[in-house]
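Owing to the predicted nature of the structure, the values given are computational and were not obtained by experimental measurement.
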Amino acid sequence: MTIPILICDDSALARKQMARTLPKDWDVEISYAANGAEGLDVIRAGKGEIVFLDLNMPVMDGYEVLQAVQQQDLPALIIVVSGDIQIKAHERVKALGALDFIQKPVSADAISNILQEYGILTLTQGKQADDTPMVKVDMRDACQEIANVAMGRAADLLAKLLDVFVLLPIPNVNVLEVSELTMALKATERSSTVSGLCQGFIGAGIAGEALLLFHDSSFEDMAKLMGLENPDDINTEIEVMMDTGNVLIGAFLNGISEQLDMKFSQAHPVVLGRHCSVNELIHDNSEKWQRTLAMEINYRIEDYNIQCDLLLLFTEDSIPTLNYKLGYLLD
């Protein structure tokens with residue numbers, strides 16, 4: 001008997017990877033949804049008996065889908081597939097009725113083991129998951145999914161170190177000129193002043209700088225979480241920025257390097273500016289960047305007034321190598 005499967009993820013790359021890693025001889029019919037609202041429509045139409053659900057999506061995220069399925073008693077067994085690997089994220093989705101949790105990037109063994117563990121997997125001959133319609137993926141989408149997984153690794157490390165829950169956004173990925181960079185950070189610009197540091201990185205054919213913009217209103221709470229005294233002291237503020245940067249930048253780059261199968265060397269972090277507007281900080285350092293591929297992630301910590309923006313600014317010369325590396329994920 002053919003089982004209706006739903007893969008609900010805003011990333012076309014993630015949907016493609018998920019479909020490709022389903023057991024080859026599993027008799028299924030796969031539907032796709034790019035956000036939670038579309039996913040609920042598919043479930044209500046009876047085409048999502050088993051759902052592979054992402055958490056960070058536009059329109060309606062995975063948590064909201066789980067709540068709706070639970071409240072409306074919809075017939076769906078939901079397995080969360082996410083780059084947000086925080087322990088508290090696992091606990092929350094389980095409390096909302098998720099069957100289990102799979103970490104991105106997905107593997108065929110992890111999926112097969114979970115399906116067999118819950119008695120879901122029924123193997124037949126002939127029909128294969130690979131016979132499903134092709135999912136079109138572009139390079140920007142692929143970069144966004146790479147950033148999504150790396151973002152989750154960094155958030156998990158910060159959450160463990162501080163015993164908090166890190167709220168994760170949908171990563172923003174764009175190729176832009178430096179003159180456009182400030183426009184891309186309007187949300188940060190509205191938050192009064194920031195302090196920033198940057199850290200260069202380089203790998204085989206890929207180079208750039210990681211830029212951490214730390215909202216000045218966040219220093220006091222972050223210093224308390226780190227057990228530091230005198231949060232207004234200049235040395236304390238720099239220590240907070242450096243420690244936060246070491247965690248987020250290091251873990252993010254490691255997440256990207258693992259997915260692209262390459263290593264990055266990192267320079268020593270440098271403070272770019274303190275207590276200034278985003279426009280001032282970008283303008284004063286504009287000679288560092290020209291045309292760039294920018295990955296932007298806004299991290300917030302639940303129940304605390306803590307917010308910082310992490311940007312990875314790849315050089316224009318890095319784009320061909322990135323495209324080459326990402327090509328292996330798209331094949």
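- Atom CD of E229 has 12 or fewer neighbouring heavy atoms from other residues, nucleotides or ligands inside a 6.0 Å radius.
- No side-chain donor-acceptor contact under 3.5 Å links N35 and D10.
- R274 and D216 are not joined by a salt bridge, as no carboxylate oxygen comes within less than 4.0 angstrom of a charged side-chain nitrogen.
- A donor atom on one side chain and an acceptor atom on the other are not found under 3.5 Å apart for S318 and T321.
- In this structure, L6 and I50 have side chains that are not in contact, with every pair of non-hydrogen atoms separated by 4.5 Å or more.
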Trace of the side-chain contact (heavy atoms from CB on, under 4.5 Å) decision for Q86 with K160 | CA-CA 8 Å; Q86 298 176 79; K160 288 176 179 176; over 6 Å; no
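- Taking CG from D243 and CG from L161, the interatomic distance works out to 9.5 Å, rounded to the nearest 0.5 Å.
- Salt bridge present: E302 and R92 bring a charged side-chain N and a carboxylate O closer than 4.0 Å.
- Across all their heavy atoms, C198 and E209 have their closest contact at SG-OE2, 4.0 Å.
- At least one donor-acceptor pair closer than 3.5 Å links the side chain of E64 to the backbone N or O of D61.
- In the displayed structure, K88 atom NZ is contacted under 6.0 Å by more than 12 heavy atoms of other residues, nucleotides or ligands.
- No donor-acceptor pair under 3.5 Å is formed between the side chain of S11 and the backbone N or O of E145.
- When side chains are defined from C-beta on, I30 counts as touching I7, because their heavy atoms get closer than 4.5 Å.
- Side chains of L312 and E296 form no contact here, defined as non-hydrogen atoms less than 4.5 Å apart.
- A distance of 10.0 Å separates CE of M139 from CG of L13, quoted to the nearest 0.5 Å.
- A heavy-atom distance below 4.5 Å is found between the side chains of N298 and R300.
- Two residues are said to be in side-chain contact when any heavy atoms from C-beta on lie closer than 4.5 Å; L40 and V69 meet this criterion.
- A donor and an acceptor atom, one from each side chain of Q17 and T21, are nowhere located under 3.5 Å apart.
- Within the 3.5 Å criterion, the main-chain N or O of A267 finds a donor-acceptor partner in the side chain of Q199.
- Interatomic distance, CD of Q307 versus CG of D221, reported as 12.5 Å (0.5 Å rounding).
- Side-chain atoms of N113 come within 3.5 Å of backbone N or O of D109 as a donor-acceptor pair.
- Looking at Y118, its side chain does come within 3.5 Å of a backbone N or O of L99 through a donor-acceptor pair.
- The shortest distance between side-chain heavy atoms of R153 and L248 does not fall below 4.5 Å.
- Side-chain contact check for L66 versus I78: some heavy-atom pair is nearer than 4.5 Å.
- Remark: I3 CD1 to W26 CH2 distance equals 5.5 Å, nearest 0.5 Å.
- Both L55 and L96 belong to a common hydrophobic cluster when Ile, Leu, Val, Met, Phe, Trp and Tyr are linked at side-chain heavy-atom distances under 4.5 angstrom.
- Taking both residues in full, the closest heavy atoms of P171 and I297 are given as CB-CG1, 4.2 Å, listed atom of the first, atom of the second, then distance.
- Grouping the Ile, Leu, Val, Met, Phe, Trp and Tyr side chains by contacts below 4.5 angstrom, directly or via other members, places I85 apart from L253.
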Going through the distances and angles, do C276 and T193 end up as a side-chain contact (heavy atoms from CB on, under 4.5 Å)?
-> CA-CA 5 Å; C276 57; T193 59; 5.9 Å; no
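- There is no path of hydrophobic side-chain contacts, each under 4.5 Å, that joins V164 to V93.
- Side chain to side chain, N305 and H215 fail the donor-acceptor criterion of an N or O pair below 3.5 Å.
- Looking at N56 and D54, their side chains never bring a donor and an acceptor atom within 3.5 Å of each other.
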List the steps, then state whether side-chain contact (heavy atoms from CB on, under 4.5 Å) holds for L211 with L197.
-> CA-CA 6 Å; L211 175 62; L197 63 81; over 6 Å; no
Could you go step by step and tell me if D84 and D156 meet the side-chain contact (heavy atoms from CB on, under 4.5 Å) rule?
-> CA-CA 7 Å; D84 185 354; D156 181 55; over 6 Å; no
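- Using a 30° and 60° split on the angle between ring planes, F264 and F201 fall in the perpendicular class, above 60°.
- For V42 against S31, the heavy-atom pair with the smallest separation is CG1-CB, 3.9 Å.
- No hydrogens or angles considered: a donor-acceptor pair under 3.5 Å links the side chains of D27 and T2.
- Proximity of a side-chain donor or acceptor of R140 to a complementary backbone N or O of N174 within less than 3.5 Å is not detected.
- S195 approaches F219 most closely through the heavy-atom pair OG-CE1, 3.8 Å.
- Checking side-chain atoms of Y304 against main-chain N and O of S218 turns up no donor-acceptor pair under 3.5 Å.
- Electrostatic pairing of K16 and D9 does not count as a salt bridge here, judged by no charged N lying under 4.0 Å from a carboxylate O.
- When atom types are taken as modelled, the side chain of N230 and the backbone of D233 share no donor-acceptor pair closer than 3.5 angstrom.
- Summarising the geometry of M295 relative to A147, their closest heavy-atom pair is SD-CB, 3.8 Å, with the distance given to 0.1 Å.
- Summarising the geometry of A37 relative to V59, their closest heavy-atom pair is CB-CG1, 3.7 Å, with the distance given to 0.1 Å.
- Here the side chains of V80 and D100 are not in contact, with every heavy-atom distance at 4.5 Å or above.
- Going from atom CG of N254 over to atom CD of Q259 covers 11.5 Å, rounded to the nearest 0.5 Å.
- With rounding to the nearest 0.5 angstrom, the CG atom of L326 is 10.5 Å from the CG atom of D138.
- By the neighbour-count criterion of 12 heavy atoms within 6.0 Å, atom CZ of F101 is densely surrounded, having more than that number from other residues, nucleotides or ligands.
- Counting non-hydrogen atoms of other residues, nucleotides and ligands closer than 6.0 Å to OH of Y324 gives a total of 12 or fewer.
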